[in-house]
**Q** 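Sending over a structure as structure tokens; questions will come in a sec.
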Amino acid sequence: MLHSPTSPLPSGNDEAPLPELPCLVAEHLQNCSTLPAIPGVVFQVLQASRNPDSSLSEYIKAIERDPALTLRLISVANSALHGADKPPVSSCQAAVNRLGTDTTLAVVLGFSLIDTTKNVPGHMHLWQRAIIAALSVQCLCEHLCPAESTQLFTLALLQDIGMLVFHEIDSYYPVIVEKHLHDHDALVAQEKLDYGCDHALAGAWLSLSWGAPVSLATGIANSHDIYPNSDPGGYCLNLSSQIAEAWLSEEPEKRLNDFFMSRKPGSLLNPELFSQVIQQLQELLPPMTRLFNIIMPPHLDAENLLLETRQALLNQNQRLHEQLSAEREKFKELERHNELLDHQSRTDPLTGISNRSHLEKHLNEFFYEAERNDSPFSVIFIDLDHFKQLNDRHGHQVGDQVLRSFAQLLAALSDEHECLVGRYGGEEFLVLLPQKTAAKAEELAQSLSHSLAKSVLALVKGEPIKVTASIGIASMSDAIFRSPLELIEAADQGMYLAKRRGRARISRFMDSA
Ligand SMILES: Nc1nc2c(ncn2[C@@H]2O[C@H](COP(=O)(O)OP(=O)(O)OP(=O)(O)O)[C@@H](O)[C@H]2O)c(=O)[nH]1
């Protein structure tokens, strides 16, 4: 961006924290004789507003020089916007007192600018937008940030005055405005492309050139910024622009409804506030447009709009509710699926009891816990006898059935005693007995042998199939085991001893030593 060759600022404003204007705009602002001239009265009000030491009487003295302006200011002070529930004022002093300096300045500037520009093609829309935005921001601020209300009223009313500059610079500008009449963001983007800055910055410098306070100029410059919920003043300003744009669109009810429905979750604009703002605007707009001498923007069917908004809200809530239920169902489904995966990762598919990796995980846990606490921990290693023969004689399917039935016996055992049972591989099974001594493990092994002896594990053509098992037992107290694997190997050795001794029996690792 080029530096402006000659600053449009009156002396004393050099410290204004504004970005520089592009050369083209700065030159026009400096030299353009057709830009709206500020009447002497307004100039004096501006002077007073720039001086922090000015008293209200200086505003009043300046305004009283123009009886017509004084009358209009009194009317504003008595309007529904400022004078509702208050006794009417009849003097300039009382009006300025009621309105405060910010609003007085806005109204005085507004009157003068509107009077001088309203007959220029395209300008009426600008002022209608300004009035709707100013009234909206005032209504919103009353509820969300009353302390900022008057300042933001001024800002909203004057935020688009920079458009007057572009109207003077470029005879094609009215076409651009017309093209983007209902899309302010698109207009701003086009201005930046064509002139190197938007009308907010041009308006800020224009206001400074008239002698407006730096705070007002900065506010105008930043009026297109997007403000978060946490900055209620800025947020109200954003909302007011959107309301004004929707109000002046071709389908105001629909656009306002869409605008409300598209607000972000957690927005400060709740349904009650929205309906209050729309109703207040309906009441305030006619007298205000009369006061400012501008054409009344289209009248809305507010009742219908609010009905539609309420209905849309209900539909939205219903949709949200349905979405939430669907998501909950999806989540439950996912949970079920995860549970299934978890179960599958722990379970031996043939027998339905714990698989080897699950056994090993717990073996580690029990082993190190016993080691740490010097507490008992025993392991039972079971190998079904002559299983190859069984498979060979009756087939694999019968073998599978036997494995499943044996696993059920083991599972019943784990229900009775605090232990973990699982298939270690092939026809080998493990029982892990945390907190159990070798003697307890032996008791349990015997009980298993007895129930195995009584159990029919499969039927082949009505013939009962029974099996025996060789069982080995190892316990933490049997030796110094350096790892969980060494304890399992010891139980395995016990099992082999049982095999060597003739199968269908129980042997302890201790006996093999
Ligand atoms: N049906 C079936 N058989 C299996 C399965 N896994 C391993 N086997 C069989 O189990 C048999 C184990 O045979 P061996 O290791 O020789 O042992 P054994 O025949 O039981 O003899 P001993 O252990 O000495 O009593 C093999 O024939 C394997 O094919 C399985 O999932 N289903």
Side-chain angles (χ1 to χ4, degrees), residues 340-363 378-414 419-433 441-442 444-475 478 485-513:
L340 184 71
L341 285 181
D342 186 47
H343 180 74
Q344 282 172 349
S345 74
R346 286 186 276 120
T347 311
D348 171 52
L350 178 70
T351 61
I353 58 175
S354 294
N355 60 18
R356 182 172 182 145
S357 76
H358 189 62
L359 280 172
E360 281 173 342
K361 186 172 150 236
H362 284 278
L363 171 70
S378 301
V379 174
I380 301 176
F381 199 116
I382 306 157
D383 187 290
L384 301 185
D385 295 330
H386 302 304
F387 202 69
K388 184 173 178 323
Q389 273 178 29
L390 188 136
N391 267 336
D392 292 347
R393 190 178 306 155
H394 301 295
H396 247 72
Q397 282 187 352
V398 175
D400 284 354
Q401 179 53 43
V402 168
L403 290 172
R404 275 194 291 268
S405 303
F406 181 71
Q408 276 170 23
L409 274 185
L410 273 183
L413 200 76
S414 77
C419 62
L420 179 70
V421 300
R423 186 177 178 207
Y424 199 53
E427 81 303 10
E428 294 172 343
F429 295 86
L430 271 189
V431 182
L432 306 181
L433 295 140
E442 200 163 339
L444 198 140
Q446 265 158 9
S447 139
L448 175 67
S449 293
H450 287 142
S451 62
L452 185 60
K454 287 187 282 174
S455 300
V456 171
L457 300 187
L459 280 173
V460 179
K461 293 178 190 148
E463 183 199 334
I465 305 292
K466 297 181 128 200
V467 293
T468 58
S470 298
I471 301 176
I473 296 172
S475 198
D478 292 347
L485 189 65
E486 281 191 7
L487 181 65
I488 293 294
E489 281 169 357
D492 194 25
Q493 274 186 45
M495 185 276 290
Y496 269 106
L497 183 63
K499 291 265 183 209
R500 280 202 304 278
R501 284 179 174 172
R503 297 183 172 77
R505 69 197 60 228
I506 300 163
S507 292
R508 286 183 54 179
F509 162 68
M510 291 288 278
D511 305 333
S512 66

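From a predicted model like this one, the values you see are computed outputs, not experimental measurements. Counting starts at 1 for both ligands and their atoms, in listed order. Numbering starts at 1 and runs along the sequence shown.
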**Q** With a cut-off of 4.0 Å, which atoms of ligand 1 are near a heavy atom of Gly399?
**A** 1 (N)
**Q** How far is atom 7 (C) of ligand 1 from its nearest protein heavy atom, and which residue and atom is that?
**A** Gly426 CA, 3.6 Å
**Q** Between Arg356 and Asp348, does any side-chain N to carboxylate O distance fall below 4.0 Å?
**A** no
**Q** Any N or O of Phe387 that comes nearer than 3.5 Å to an N or O of ligand 1?
**A** yes
**Q** Is it the case that Asp385 and Ser470 place a side-chain donor and acceptor less than 3.5 Å from each other?
**A** yes
**Q** Can we say Asp342 and Arg346 salt-bridge, meaning some charged N sits less than 4.0 Å from an Asp/Glu carboxylate O?
**A** yes
**Q** Can you list the ligand 1 atoms lying under 4.0 Å from a non-hydrogen atom of Arg503?
**A** 22 (P), 24 (O), 25 (O)
**Q** Any idea which atoms of ligand 1 are less than 4.0 Å away from a heavy-atom of His396?
**A** 1 (N), 2 (C), 3 (N), 32 (N)
**Q** Check each of Leu433, Val421, Leu448 against Ile380 using the side chain to side chain contact (heavy atoms under 4.5 Å, CB included) test, and report the only one that passes.
**A** Leu433
**Q** Give me the residue, atom name and distance of the protein heavy atom closest to atom 17 (O) of ligand 1.
**A** Glu427 OE2, 3.4 Å
**Q** For atom CZ of Phe387, decide whether the heavy atoms of other residues, nucleotides or ligands shown that lie under 6.0 angstrom number more than 12.
**A** yes
**Q** Which of the atoms in ligand 1, numbered in the order shown and given with their element, are less than 4.0 Å from a heavy-atom of Asp385?
**A** 20 (O), 25 (O)
**Q** I need the nearest protein heavy-atom contact for atom 23 (O) of ligand 1: residue, atom name and distance, please.
**A** Lys499 NZ, 2.9 Å
**Q** Provide, to 0.1 Å, the distance between atom 28 (C) of ligand 1 and the closest protein heavy atom, together with that atom's residue and name.
**A** Asn391 ND2, 4.3 Å
**Q** Determine whether the side chain, the backbone, both or neither of Leu384 has a heavy atom under 4.0 Å from any heavy atom of ligand 1.
**A** backbone
**Q** Only heavy atoms of Leu403, strictly under 4.0 Å: list the atoms of ligand 1 that pass.
**A** 30 (C), 31 (O), 32 (N)
**Q** Please state which part of Glu428 comes within less than 4.0 Å of ligand 1, counting heavy atoms only: side chain, backbone, both or neither.
**A** neither
**Q** Give the minimum heavy-atom separation between Val379 and Ile488, together with the two atoms involved.
**A** CG1-CD1, 3.7 Å
**Q** Counting heavy atoms not belonging to Gln397, are there more than 12 under 6.0 Å from its CD?
**A** no
**Q** Is Phe429 close to Leu384 at the side-chain level, that is, under 4.5 Å between some pair of heavy atoms?
**A** yes
**Q** Mark up the atoms of ligand 1 that fall under 4.0 Å of a heavy atom belonging to Asp383, in ascending order.
**A** 23 (O)
**Q** Provide, to 0.1 Å, the distance between atom 32 (N) of ligand 1 and the closest protein heavy atom, together with that atom's residue and name.
**A** Asp400 OD1, 2.7 Å
**Q** So which heavy atom in the protein is nearest atom 19 (O) of ligand 1, and how far is it from that ligand atom?
**A** Lys388 N, 2.7 Å
**Q** If you define the side chain from C-beta out and look only at heavy atoms, does anything of Leu457 sit under 4.5 Å from Leu452?
**A** yes
**Q** Check whether any side-chain N or O of Arg404 sits under 3.5 Å from a backbone N or O of Val402 as a donor-acceptor pair, and report yes or no.
**A** no
**Q** So, for Val467 and Leu390, which heavy atoms are closest and what is the spacing to 0.1 Å?
**A** CG1-CD1, 3.5 Å
**Q** Which residue supplies the protein heavy atom nearest to atom 25 (O) of ligand 1, what is that atom called, and how far is it?
**A** His386 N, 2.8 Å
**Q** If we only consider heavy atoms of Arg423, is any one of them less than 4.0 Å away from an atom in ligand 1?
**A** yes
